[in-house]
Engineer: 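Got a structure for you, questions after.
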Amino acid sequence: MTRALRRCLPQILTLLALVALVSIFFPQFLAISFENGRLTGPVVDIVKRGAPVALLAIGMTLVIATRGIDLSVGTVMAISGAVAAWTLAAGWGVFPAVLLAIVAGLTCGLWNGCLVAYVGIQPIVATLILMTSGRGIAQLITEGRILTFSDPAFAWIGSGTVAGVPVPALLWLVTGIAVAFIMRRTALGLLVEAIGINRSASTVAGINARVLLIAVYAASGFCAALAGIVATADIRGADANNAGLWLELDAILAVVIGGNSLLGGRFSVAASILGALIIQTVDTGILLAGFPSEYNLVIKAGLVLVILLVQSPNLSQHWHWLRMEIRRQREPKPIGSRDTR
Amino acid sequence: MLLTIRDLSKSFPGTKALDSVDFDLAAGEVHALLGENGAGKSTLIKCLTGAYRRDEGDIRLDGEPISPGSTAEAQSLGIGTVYQEVNLLDNLTVAKNLTFGREPRRFGLIDGRAQRAEARRMLEGYGLDIDVGRDLGSYSVAIRQIVAIARAVELSGKILILDEPTASLDAAETRMLFDVVRGLRDRGLGIVFVSHFLDQVFELTDRVTVLRNGAKIVTEKTAELDRVALIRHMLGRELEEVEAEQGADHTRSEARRTVVDFKGYGRDGLVDPFDLTVREGEVIGLAGLLGSGRTETAELMFGIRAAQRGEAKVDGEPVSLTSPREAIAAGFGFAPEERKTDGIVADLSVRENIILALQARRGWAKPVPRAEQARLAETYIKRLDIRTSDAEKAVGELSGGNQQKVVLARWLAMNPRFLILDEPTRGVDVGAHAEILRLIGEITEGGMSVLVISSELDELVAASDRIIVVRDRAHVAELSGVEITSGAIVTAIAAPDAGKVA
Amino acid sequence: MKRILLTSAALLAGTAASAQTVGFSQIGSESGWRAAETTLTRQEAEARGIDLRFSDAQQRQENQIAAIRSFVAQGVDAILLAPVVATGWDSVLEEAAEADIPVVLLDRRVDSSEDLYLTAVGSDLVHEGEVAGQWLVDNKPEGECRVVELQGTTGSSPAIDRATGFRNAIDGAEGIEIVRSQTGDFTRSGGKEVMESFLQAESGNEICALYAHNDDMALGAIQAINEAGMNPGEDILIVSIDAVPDIFQAMANGDANATVELTPNMSGPAFDALEAYWADGTEPEKFIQTESRLYTQDDDPMAEYEARKDLGY
């Protein structure tokens with residue numbers, strides 16, 4: 001447990017620093033109140049709003065651990081959201097809507113996985129295919145409009161609460177814990193890391209890299225489906241044009257801020273989720289601080305750059321060196337001290 | 001002398017790739033450069049072509065000291081190189097490839113007609129009748145090879161280095177290439193010829209220089225060298241040492257139970273069909289030169305490449321070996337030659353690397369308990385004397401020998417029935433070398449069967465109960481008992497009709 | 001077979017003689033509004049007995065240019081063009097002008113000389129903002145009114161012009177102040193997320209009105225206000241622009257107060273101008289501004305919803 005904590009320490013510190021920074025511009029940032037049976041406050045908004053990216057980041061972490069990347073997750077969100085809204089509009093009810101949306105996400109993931117593992121297309125290209133074509137599929141399902149519904153049970157997934165806590169926040173929490181648990185309590189995590197570091201050697205050692213790759217992309221599709229359900233339930237409508245737009249990039253960024261290497265190998269789901277929360281804190285912080293919207297992207301880019309710089313191993317070495325230098329200069333020099341007498 | 005190299009040395013972290021090597025090249029000669037993998041051939045060539053900077057030594061071209069810093073500089077000095085993989089652009093025309101970078105211009109624009117004329121002029125004397133306006137990619141490898149030679153000769157003009165030029169050519173194409181090379185020799189070029197094919201070396205070259213472990217072993221006139229002597233130079237066994245090395249009890253493999261039996265096993269273009277019977281507790285050595293089919297045999301047996309013909313039986317039952325997983329299920333293990341790319345998983349810890357194959361066999365849902373993992377790691381770190389600060393250190397941080405031991409530990413932890421070791425002692429220091437050999441003896445005592453592939457004859461002679469000799473992708477001889485001497489192996493590798501030796 | 005061909009040829013010849021043919025190069029179907037514009041243009045043409053040749057450019061200018069050339073070659077009587085970008089139209093418009101085919105621009109403008117087209121039909125984006133602002137000036141509660149604004153995509157011309165118009169209208173009025181302004185990218189989810197932050201930052205009951213640059217953002221914001229336990233439309237007045245069907249439903253529920261119509265019926269005024277031109281060569285004004293009509297809860301929103309829901313929004 002302490003090892004996992006130490007792994008996530010840079011992300012936790014970054015998050016705390018960000019919270020402190022936002023609090024300067026918006027002093028009530030940490031205020032949480034209990035109103036109408038739900039917790040409210042900026043922090044609650046963050047854990048709720050961060051849900052889609054956090055969910056995507058969980059799946060993306062696994063894909064990146066195998067030295068892959070999944071560019072299609074934003075589009076898969078739109079597809080599964082469209083499927084869910086379509087099912088609701090057809091009057092089939094909540095349970096089939098959720099089920100079909102997840103099936104759609106898994107199918108997209110399997111498609112990606114097969115392209116990567118069997119056809120041998122590079123992950124970035126394989127998932128790019130679905131990224132660009134998938135939105136068209138979603139638009140076909142919604143017939144180009146925002147497909148709205150008024151099913152309160154489905155909307156609950158997006159805006160409901162359990163004991164005051166927003167459902168989307170619980171969703172990523174449960175998914176994150178479940179995935180981390182499955183990865184670390186079984187041998188999946190080790191096998192995924194092995195194929196990410198050296199697929200050839202792993203194959204010689206008897207690891208079934210193909211099946212693992214497909215499973216990992218399917219997991220990413222599953223997480224994207226959950227994110228799509230949350231986004232659709234949140235606005236009570238499937239917006240094929242805008243749902244999950246560019247979120248694949250935020251998800252990749254979350255994984256990177258989480259300290260996971262894009263070259264595959266060692267991964268931490270918890271750190272990626274923290275990365276997603278860091279991104280959402282930046283987003284929400286910008287909104288709360290009330291700067292003109294022209295500055296949004298510049299501020300976000302600047303903060304992300306600083307975060308990545310501070311976390312980079314190179315810089316931490318320099319930092320270490322700098323500290324040693326300062327300490328050395330502070331120590332009184334024996335000869336010098338004699339001279340002053 | 002056209003080219004004189006004296007005391008050339010080049011080191012990389014941990015290894016001395018070239019150690020005080022001398023090499024001479026006369027104008028109008030074809031000089032073969034031979035040696036096994038890691039002997040230093042490519043380092044020598046790279047020092048010549050400017051890809052590497054030498055650490056020490058003297059290179060003179062026409063008596064002038066030179067020190068090329070890049071391929072372009074080497075070219076302008078007169079040294080051109082053609083590699084096995086032709087480094088020209090297949091989607092440009094022959095003419096464009098030949099004049100690339102120095103196109104004839106007219107009013108600042110490329111003059112296509114002059115370009116084609118120039119290309120035809122360059123190809124004169126190569127006996128090629130091809131349309132220089134067609135894409136290079138539409139011609140065979142041999143023609144592309146010759147076009148590359150024509151370009152290199154045009155740009156450099158004094159020395160031509162041919163690195164494995166015939167590796168992907170058939171017999172007729174090879175003959176065509178040789179005619180070109182002889183023509184260039186007669187024009188006064190000095191040609192360095194690197195190849196694994198000894199027949200070609202004897203056919204084409206005037207002199208031979210053999211490198212081994214970064215040192216020059218010998219330079220001799222090809223005509224005065226016999227095949228056996230040449231192979232001895234390459235594999236490093238002097239005949240007189242052989243008798244003393246017959247340590248292993250070569251008679252013990254008689255009348256043991258058969259574990260694995262390959263019948264007519266082969267794959268087109270990879271290994272000709274072979275028969276091989278593996279008995280319990282037996283060490284089989286696989287001898288042959290690099291590129292002769294030894295590693296390919298191992299890959300076929302372990303399912304990395306699927307066999308097209310023949311069958312394999314384990315305990316008399318036919319088994320399918322089309323993937324490493326199936327081979328492992330049949331009780332096989334394989335420590336590959338390319339340790340870094342096919343063996344270790346560098347960022348994982350020693351412990352994780354050791355249990356990796358075991359875990360893969362158990363399936364993801366049944367993790368090896370942490371206590372069991374720790375016990376296995378501890379056991380094998382001790383038993384194989386793996387030098388590591390602790391079991392959690394990343395394998396990539398260990399030395400080559402210790403990495404090899406980790407790969408061995410991975411397979412020993414599986415307790416396989418048949419373990420294939422491809423060059424288990426390459427890049428391993430002397431101490432670890434001996435330990436690995438001792439280990440092979442130890443595990444076969446326990447009934448495991450081992451197949452060892454090695455370039456080092458003394459190692460094979462010392463460890464093996466039986467030796468299979470591979471040449472030109474075919475198993476050509478089998479030696480057992482008292483027949484196992486390095487002399488016999490060398491003769492089998494060298495002899496054109498080696499099949500009769502066994 | 002031959003007879004069918006002959007009949008259809010005769011039919012074609014017949015229509016060509018009696019009715020006018022108009023080519024319509026549409027940008028694509030990227031939004032519901034665009035789909036509604038296409039539907040309404042088809043309906044208008046049918047009602048007037050005009051033979052409409054429709055071409056969907058799928059967001060590509062080269063497709064539009066090709067379509068216009070093909071219309072010119074077919075010898076149509078007029079061309080409707082909804083241009084995907086503002087520049088690069090000169091040569092193809094000149095070709096149409098040389099063939100004496102009048103071109104009417106729909107919805108968006110081009111940078112070419114005014115001589116190259118008959119007229120442009122469109123909405124005045126600044127005016128839309130002014131209508132929305134005026135509604136708030138007329139309907140604001142007594143005393144101070146703190147307004148939050150959901151802007152369109154930063155830097156887009158609707159976002160800039162609708163912001164300008166709104167400010168023009170409230171400039172003279174007492175007590176109206178825009179306290180927060182942030183982009184919601186014209187999307188529902190954007191509108192909802194930003195409204196949540198407004199509610200946090202301004203503590204909901206301090207906000208008197210919301211101005212959203214489009215209905216979709218307003219619809220997202222309504223959900224945010226609802227979830228914060230307040231009544232949109234009462235606690236916070238909501239005025240937005242576009243008049244998509246869903247906002248009428250919200251108005252019928254009392255959740256939204258007013259919307260300014262960006263009518264998808266650009267072709268109606270366009271056909272009017274063309275018919276006058278064909279009849280006696282009347283040159284229309286170079287810009288025909290469509291009506292930016294204000295709809296409130298008093299305008300029978302349910303009926304408006306029913307009228308619009310099948311237009312393809």
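Order of the sequence lines sets the chain letters (A, B, ...), proteins ahead of strands, with each chain counted from 1. Model, not experiment: these values are computed from the prediction.
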Engineer: Quick one: list whatever passes side-chain hydrogen bond (donor to acceptor under 3.5 Å, both in side chains) with B:D268, sequence neighbours left out.
Structural biologist: B:R309
Engineer: So which residue, B:I328, B:I304, B:L348, B:I344, ends up with the most heavy-atom pairs under 4.5 Å with chain A?
Structural biologist: B:L348
Engineer: Please give me the minimum heavy-atom distance between A:A187 and B:P367, naming the atom from each residue.
Structural biologist: N-CB, 3.9 Å
Engineer: Between chain B and chain A, which N/O donor-acceptor pairs sit under 3.5 Å?
Structural biologist:
{"from": "B:R325", "atom 1": "NH1", "to": "A:G206", "atom 2": "O", "distance (Å)": "2.9"}
{"from": "B:K340", "atom 1": "O", "to": "A:N198", "atom 2": "ND2", "distance (Å)": "3.2"}
{"from": "B:T341", "atom 1": "O", "to": "A:N198", "atom 2": "ND2", "distance (Å)": "3.1"}
{"from": "B:T341", "atom 1": "O", "to": "A:S200", "atom 2": "OG", "distance (Å)": "3.4"}
{"from": "B:D342", "atom 1": "OD1", "to": "A:S200", "atom 2": "OG", "distance (Å)": "2.5"}
{"from": "B:I344", "atom 1": "O", "to": "A:N198", "atom 2": "ND2", "distance (Å)": "3.0"}
{"from": "B:E352", "atom 1": "OE1", "to": "A:R266", "atom 2": "NH1", "distance (Å)": "3.4"}
{"from": "B:E352", "atom 1": "OE1", "to": "A:R266", "atom 2": "NH2", "distance (Å)": "2.6"}
{"from": "B:E352", "atom 1": "OE2", "to": "A:R266", "atom 2": "NH1", "distance (Å)": "3.2"}
{"from": "B:W364", "atom 1": "O", "to": "A:A187", "atom 2": "N", "distance (Å)": "2.9"}

Engineer: Please flag which part of A:L188 lies under 4.5 Å from any non-hydrogen atom of chain B: side chain, backbone, both or neither.
Structural biologist: both
Engineer: Report the option among A:G196, A:G189, A:A201 that has the most heavy-atom pairs separated by less than 4.5 Å from atoms of chain B.
Structural biologist: A:A201
Engineer: So with a 6.0 Å cut-off around CG of A:L249, is the heavy-atom count from everything else above 12?
Structural biologist: yes
Engineer: Using side chain to side chain contact (heavy atoms under 4.5 Å, CB included) as the criterion, list what pairs up with A:I121, not counting sequence neighbours.
Structural biologist: A:L115, A:V119, A:V125, A:A126
Engineer: What residues, two or more places apart in sequence or in another chain, satisfy side chain to side chain contact (heavy atoms under 4.5 Å, CB included) together with A:A218?
Structural biologist: A:L106, A:L110
Engineer: Quick check: closest heavy atoms across A:A205 and B:A360, and the distance to 0.1 Å?
Structural biologist: O-CB, 3.7 Å
